[in-house]
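Here's the structure, in structure tokens; my notes come after.
Convention: sequence-line order gives letters A, B, ...; per-chain numbering from 1.
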Protein chains: 2
Amino acid sequence: MLTDPVARTRRFHRAVTTEAGVLDASFLGRGRPLGPARVLNAIGRGITDIAEIRNYLRLDSGLMSRILRGLEDEGLITVSASESDARRRIAMLTKAGEEEFAAYEALSDKQAADIVARHPHPEVLLQAMDVVATALGFERTVIERVSPLDPRAVVCLEAYYEELGRKLKSGFDVNLSADPEACDMEHPRGAFLLAMLDGMPIGCIGLKGTDKGYAELKRLWIVPSARGMGLAQRMMTEAENEAKSLGIKCLRLDTNSVLSDAVAMYHKLGWTEIERFNEDPYPDLFFEKRI
Amino acid sequence: MLTDPVARTRRFHRAVTTEAGVLDASFLGRGRPLGPARVLNAIGRGITDIAEIRNYLRLDSGLMSRILRGLEDEGLITVSASESDARRRIAMLTKAGEEEFAAYEALSDKQAADIVARHPHPEVLLQAMDVVATALGFERTVIERVSPLDPRAVVCLEAYYEELGRKLKSGFDVNLSADPEACDMEHPRGAFLLAMLDGMPIGCIGLKGTDKGYAELKRLWIVPSARGMGLAQRMMTEAENEAKSLGIKCLRLDTNSVLSDAVAMYHKLGWTEIERFNEDPYPDLFFEKRI
DNA sequence: CAATTTATCTGACTTTAGTCAGAAAATAAT
DNA sequence: ATTATTTTCTGACTAAAGTCAGATAAATTG
């Protein structure tokens, strides 16, 4: 009973659907049926293409059409033809729509804050929720190329620096000049990849272009709640592909032997250990891979 | 973004409702609307009193009545008057109903098993789900008096013994004669209390009656995922009340200084340290409280 | 260019869910 | 014993969700 995976999962499901009922009630707190409320929120969250909303919410085209007319009549959205394909239609929030969406957001934020607040040790609960959320949706993870200055990238990098600082005996101090290598990881000189799941960044990797006949992989980091799922390998592979498409033939990386899991992975992925190729104080292991 | 409690909670909620949609689909996989399916499952899970089901599922009496007629027409249930109060009605599954319920159970079990199976480290996910489930429903926890031989009690006791074995340097070996003190914790000589949440035992405590002018509190245990929520104190208080109602005036307990959290709690709850009062090898600290 | 495909819309449905005002019968209160 | 309350049931509703067969217009294919 206490250890049976099925019993535990079903109990989790019961607990969560009870709670979800309460949370969905927040969607009903503004005198609007669930359907229109969900569509309005999808639009507010940036899914403006109607076919996409329809697919996301699994709505019949007829039903969708009527819901859109209703929201238009309320003055919350405007619908116009897509520029690239006049059959497709794009929904936009009006000013009133923005306000209504903000009101829903405020309700949801309050619900979320309440859940956390009534726990005596919020961080324990939050970490558990992170693990569950990552696990449940893991196959929806998408890897996208962004600028290393993208706020979502910055968030990952800061977490990476913080973690290195904890793990290296010497601590870790990013060069004071803010993100000195950012321009080298800007496409097409290099690249910066972000793994996104449910709107949350869960991992990153940088490809740093150089003028020395090789490129470097830098700043591979996976959020703790997503570790052990094979995401790091996927990021490495994607970064390699990115390098290939930029015509890069040789990759290098440096690391520290403290990060034993990472070192093991580099070996597994076909990297070979080489001599020190830079003067950085933190790394003590150096790898190369010809692609 | 990565640390913001509200963003993390909302992401969790999104992940879980997406998943819940899939799980609820299992309730639709047998060609029956959600309403009747939920009622059938409530009856199958042992909620037979119609008023109770109505309260549990928050259904209008008219709607409930019609759903019951529908399930009767399908030959899945029979409804009869309660013996104690002929206004109230009791629903029972027929043979066909049992089978239908079992089919729903099989679907749910399969869904649950699938979720766990596709995770590379199931125990990590399961522990996280335990923490979340406990946190979300915590205020629904009910403490009930059961026999110490109740299978749910046995499950807790085994977990307790296992944990003691890990924590005590000397290990821990329950007296080979199966649960030697069980009869002393049988009401009304003593009592055994179980904390239940969503059908899962999450903690226990035993009140052992003796003939020596005092009773003992034994086997206080809280499932790891529920620790830090103040449940142990609530169990202690309930056990004290139980003792009072049995006319007991003095309580004792023994413990080991390794269990420092427990020791701190005993002090906090007004227990006073006393001399060793038994020859057990494991405890090294002894407490008393007059009530 | 004609034929086909795609995305949306409209109208005419059905099903499911939920509400509400009594009616009937049993029980509890005075 | 009468009155009030509780529990369920029935009928007559409304609202919301979902389905389906075209119609329309834009894009794609051969």
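- Atom C1' of nucleotide D:dG18 and atom CG of A:Leu59 are separated by 10 Å, given to the nearest angstrom.
- When the nucleotides C:dG18, D:dA17, C:dT8 are ranked by their closest atom to the side chain of A:Asp49, C:dT8 comes out on top.
- Within the structure, salt bridge (Lys or Arg N to Asp or Glu O under 4.0 Å) contacts touching residues 42-62 of chain A (residues at least two apart or in different chains) are A:Asp49-A:Arg88.
- Looking only at distances, no side-chain donor or acceptor of A:Asn55 sits under 3.5 Å from a matching main-chain atom of A:Ala51.
- Residue A:Leu68 has its side chain nearest to C:dC9 when only C:dC9, C:dA17, D:dC9 are considered.
- Side-chain nitrogen and oxygen atoms of A:Arg69 include at least one within less than 4.0 Å of the OP1 or OP2 phosphate oxygen of C:dT10.
- Picking from D:dT8, C:dA17, D:dA16 the nucleotide with the shortest atom distance to the side chain of A:Pro33 gives D:dA16.
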Set out, in order, the CA-CA distance, both residues' side-chain angles and the distance that settles side-chain contact (heavy atoms from CB on, under 4.5 Å) for B:Val223 and B:Asp130, then state yes or no. CA-CA 9 Å; B:Val223 78; B:Asp130 286 344; over 6 Å; no
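- Looking at B:Thr134, its side chain never comes within 3.5 Å of a backbone N or O of B:Ala226 through a donor-acceptor pair.
- Per the geometry, CE belonging to A:Met64 stands 17 Å off C1' belonging to C:dT6, to the nearest Å.
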Would you list the protein and nucleotides 1-4 of chain D atom pairs, both N or O, that sit under 3.5 Å from each other?
none

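- Minimum interatomic distance between B:Leu76 and B:Arg32 (heavy atoms only, all atoms of both residues): CD1-NH2, 3.6 Å.
- Atom CG of B:Leu57 and atom C1' of C:dG18 are 14 Å apart (whole Å).
- Note: CD (B:Glu72) to P (D:dT8) measures 13 Å, nearest angstrom.
- At whole-Å resolution of the value, CG in A:Leu63 and P in C:dT14 are 17 Å apart.
- Nearest heavy atoms, B:Leu57 versus B:Ala42: CD1-CB, 4.4 Å.
- Across the interface with DNA chain D, nearest-nucleotide mapping of B:Ala51 and A:Gly35 shows B:Ala51 to be the residue nearer the 5′ end.
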Dump every N/O contact between nucleotides 22-30 of chain D and the protein below 3.5 Å, one line per pair.
unit_1, atom_1, unit_2, atom_2, d
D:dA27, OP1, A:Ala86, N, 2.9

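- Distance check: A:Arg14 CZ to B:Leu197 CG gives 9.5 Å after rounding to the nearest 0.5 Å.
- Of the two residues near DNA chain D, A:Pro36 and B:Arg66, the one whose nearest nucleotide lies more 5' is B:Arg66.
- Atom CD1 of B:Ile90 is separated from atom C1' of D:dT8 by 13 Å (rounded to the nearest Å).
- Taking atom CG of A:Asp60 as the reference point, atom P of C:dA7 lies 15 Å away to the nearest angstrom.
- In this entry the distance linking CG of B:Asp73 with P of D:dC9 reads 13 Å, nearest Å.
- Judged purely by distance below 3.5 Å, without hydrogens or angles, the side chains of B:Ser147 and B:Arg152 never pair a donor atom with an acceptor atom.
- With contacts defined as side-chain heavy-atom distances shorter than 4.5 Å, the pair B:Leu40/B:Ile67 does not qualify.
- Here B:Arg88 does not reach the OP1 or OP2 of C:dT27: none of its side-chain N or O atoms lies under 4.0 Å away.
- Side-chain atoms of B:Arg38 and B:Tyr104 form no donor-acceptor pair, as typed in the model, at a separation below 3.5 Å.
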